[in-house]
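Would you mind keeping the following structure in view while I ask a few things?
Every number for a ligand or one of its atoms is a count from 1 in the order of the listing. Numbers for residues simply follow the sequence, beginning at 1.
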Amino acid sequence: MKTPSDSQNNWDSLREKIIGLGDHSLRKTYYPELQQKLDDLQQSEERFRATFNQAAVGIALAGLDGRWLQINRKLCDTVGYTEEELKNLTFQDITHPDDLKVSLEWFHRVLAGEIRNYSIEKRYIHKNGSTVWINLTVSLVSESSGNHKYLIAVIEDITERKRTEEALRDAYNELDKRVAERTAELVKTITALQEEVADRITAEQALQAEMRERMRTMEELRRKDQMLMQQSRQAAMGEMIGNIAHQWRQPLNTIGLYIQGLLVPGECGEFSKEHLEAGVNKAMQVIFHMSQTIDDFRNFFRPDKEMTLFRVDEVVAKTVSLVEGSYRCQQIKVEVKTKGEPLINGYPNEYSQVLLNILINARDAFLEKKIADARVELRVFTEKGKAVVTITDNAGGIPAGILDRIFDPYFTTKGPDKGTGVGLYMSKTIIEKNMNGRLTARNTGNGAEFRIEV
Ligand SMILES: Nc1ncnc2c1ncn2[C@@H]1O[C@H](COP(=O)(O)OP(=O)(O)OP(=O)(O)O)[C@@H](O)[C@H]1O
Ligand SMILES: [Mg+2]
């Protein structure tokens, strides 16, 4: 088979043979034309060779057994073998084992006449052992009789492109992986957030329910307090009526005596106008005092509307005067010791009510214990900027077991018709909630001591 690599010698001998023909005169006529055709052919052959050798892609002719017949420089560069080395090899020898099966399939399809050419991407093994990616285009060259002659292969080195593709694919995969990871993370975060939001909504609802419950409880407490306050006032009022009775007993006796005295003639044994006037004046003074008592009690029941600055000793003295009657009747001695003039900005009537509750409790305790030398001492003084009143009795004290319950609403040790158990509860509410102070109780050696600090 003649191939484009045939040397110049072939042309020269051909030329000599044609010139030899020139001896024959007939053929001489055609010689120049023949000569011209020969030149054209040679130039065409040279152009082809140049194209073949200097092509930027690998080009080769291969036999039907796969053996390399002719190889251009670029292909040699691509696979690292010299032309001679390659000619001793088949394309199968340098095909990557993983691509061999597919390569042979295509090759046989061409040889079988199924197709005339094909183009595939595959790998060669470079002489140095590295992998070379190529784009292979194969065409079959046949004789006019139909016999297959050889194959033309165009081999383009696409290693770089493949590498780029691979890097791109890796980058894409990496990106895909990261996106997947990030998505998973986001889904997790969103789920956690959703759960948190749900939790918060539940907590909020619970809080709202609790708030409503608290409001309800507070409202209930407020109503209860109002009720208690009312009860306490009513109890105090009943108490007061008793006290007025005590307060009035003596002045009434006195008035009785004065009126009887009017019937007794004067020192000179006569009923003079002066004698009558003196008796009426005395009686009127007592009546005025009694009327004063009524005013005092009435004022006591008038609730304070606004905070006022009041003198503690004055409220103490007034309150003591309210119980004096019943205290005297029970032979209870009251003593008030005042130091300075402590002032309080608050509600004087309510403060007085507290004192009264404590004083009445002391009286009840004396009554129950039947103490012979019953005495109550009130001390009024200032301590650490606070107005303090202590009320101390010697009625035996509060049993230790109930000391922490005496301020509870409805706690009483008295009979059902005697105590309601709201006195100290109300007193604590007045001092601590309304006036921001403190009301406490403790036992001294022989009695109870209540301490009011405002
Ligand atoms: N000075 C005291 N000595 C001993 N125990 C006392 C004294 N003061 C109060 N207590 C006890 O504290 C309890 C509660 O007192 P509180 O004034 O709240 O209710 P009460 O006096 O029983 O009833 P109310 O005052 O409503 O008529 C009394 O029942 C009593 O047992
Ligand atoms: Mg009481």
#### Entry: Presence of salt bridge, Glu220 and Lys224, under 4.0 angstrom
no
### Query
Which residue owns the protein heavy atom closest to atom 14 (C) of ligand 1, what's the atom, and how far is it?
Phe411 O, 3.3 Å
### Glu449 and Arg451 ion-paired at < 4.0 Å
no
### Query
Is ligand 1 less than 4.0 angstrom away from at least one heavy atom of Gly397?
yes
### Query
Backbone, side chain, both or neither: what part of Asp393 comes under 4.0 angstrom of ligand 1, heavy atoms only?
side chain
### Summary
For atom 22 (O) of ligand 1, the closest protein heavy atom turns out to be Thr412 OG1, 2.5 Å
### Task
Just need the protein heavy atom nearest to atom 11 (C) of ligand 1, so name the residue and atom and give the distance.
Ile406 CG2, 3.9 Å
### Query
For ligand 1, is there an N or O atom under 3.5 Å from any N or O atom of Asn361?
yes
#### Entry: Arg182/Glu185 salt bridge by N-O under 4.0 Å criterion
yes
### Task
Identify whether the distance between the nearest side-chain nitrogen and carboxylate oxygen of Arg222 and Glu219 falls below 4.0 Å.
yes
### Message
Salt bridge or not between Lys428 and Glu432? Use side-chain N to carboxylate O under 4.0 Å.
### Response
yes
#### Entry: Heavy-atom nearest neighbour in the protein, as seen from atom 23 (O) of ligand 1, with distance rounded to 0.1 Å
Gly421 N, 3.0 Å
### Message
Could you tell me if the side chain of Val354 sits less than 4.5 Å from the side chain of Phe450, heavy atoms only?
### Response
no
### Note: Arg161-Glu121 ion pair, threshold 4.0 Å (strictly below)
yes
## Note on the structure
Applying ring pair (Phe, Tyr, Trp, His ring centres under 6.0 Å) to Tyr118 and not counting sequence neighbours gives Trp106
### Query
To the nearest 0.1 Å, how far is atom 10 (N) of ligand 1 from its closest protein heavy atom, and which atom is that?
Ile398 CG1, 4.4 Å
### Query
Can you find a heavy atom in the side chain of Leu104 that is under 4.5 Å from one in the side chain of Gln92?
yes
### Task
Report yes if some N/O of Ala448 lies less than 3.5 Å from some N/O of ligand 1; otherwise report no.
no
### Message
With a 4.0 Å cut-off on heavy atoms, is Phe407 in contact with ligand 1?
### Response
no
#### Entry: Contact atoms of ligand 1, heavy-atom distance to Val422 under 4.0 Å
26 (O)
#### Entry: Pair Glu83 + Lys87: basic N to acidic O under 4.0 Å
yes
### Query
Looking only at N/O atoms, are Lys414 and ligand 1 under 3.5 Å apart anywhere?
yes
### Message
Any carboxylate oxygen within less than 4.0 angstrom of a Lys/Arg side-chain nitrogen, looking at Lys386 and Glu383?
### Response
no
### Task
Look only at interatomic distance and state if Thr413 has a nitrogen or oxygen under 3.5 Å from any nitrogen or oxygen of ligand 1.
yes
### Query
Under the 3.5 angstrom rule, does the side chain of Asp313 hit a backbone N or O of Glu341 as a donor-acceptor pair?
no
### Query
Salt bridge check: are Glu105 and Lys101 linked by an N-O gap of less than 4.0 Å?
yes
### Task
Do me a favour and list the nearest non-hydrogen protein atom to atom 26 (O) of ligand 1 with residue, atom name and distance?
Thr420 OG1, 2.5 Å
### Task
For ligand 1, find out whether one of its N or O atoms is nearer than 3.5 Å to an N or O atom of Ala365.
no
### Message
Give me the nearest non-hydrogen protein atom to atom 15 (O) of ligand 1 as residue plus atom name, then the distance to 0.1 Å.
### Response
Leu424 CD1, 3.6 Å
### Task
Give a yes or no on whether a salt bridge exists between Asp364 and Lys414, defined as a side-chain N under 4.0 angstrom from a carboxylate O.
yes
### Query
Are any of the heavy atoms in Asn357 under 4.0 Å away from ligand 1?
no
### side-chain contact (heavy atoms from CB on, under 4.5 Å) partner of Tyr81, the single match among Thr78, Val79, Asp77
Val79
### Atom indices of ligand 1, in the order listed, that fall short of 4.0 Å to a heavy atom of Phe450
1 (N), 8 (N)
### Task
Could you please tell me which protein N, O or S atoms lie under 2.8 Å from the Mg ion (ligand 2)?
Asn361 OD1
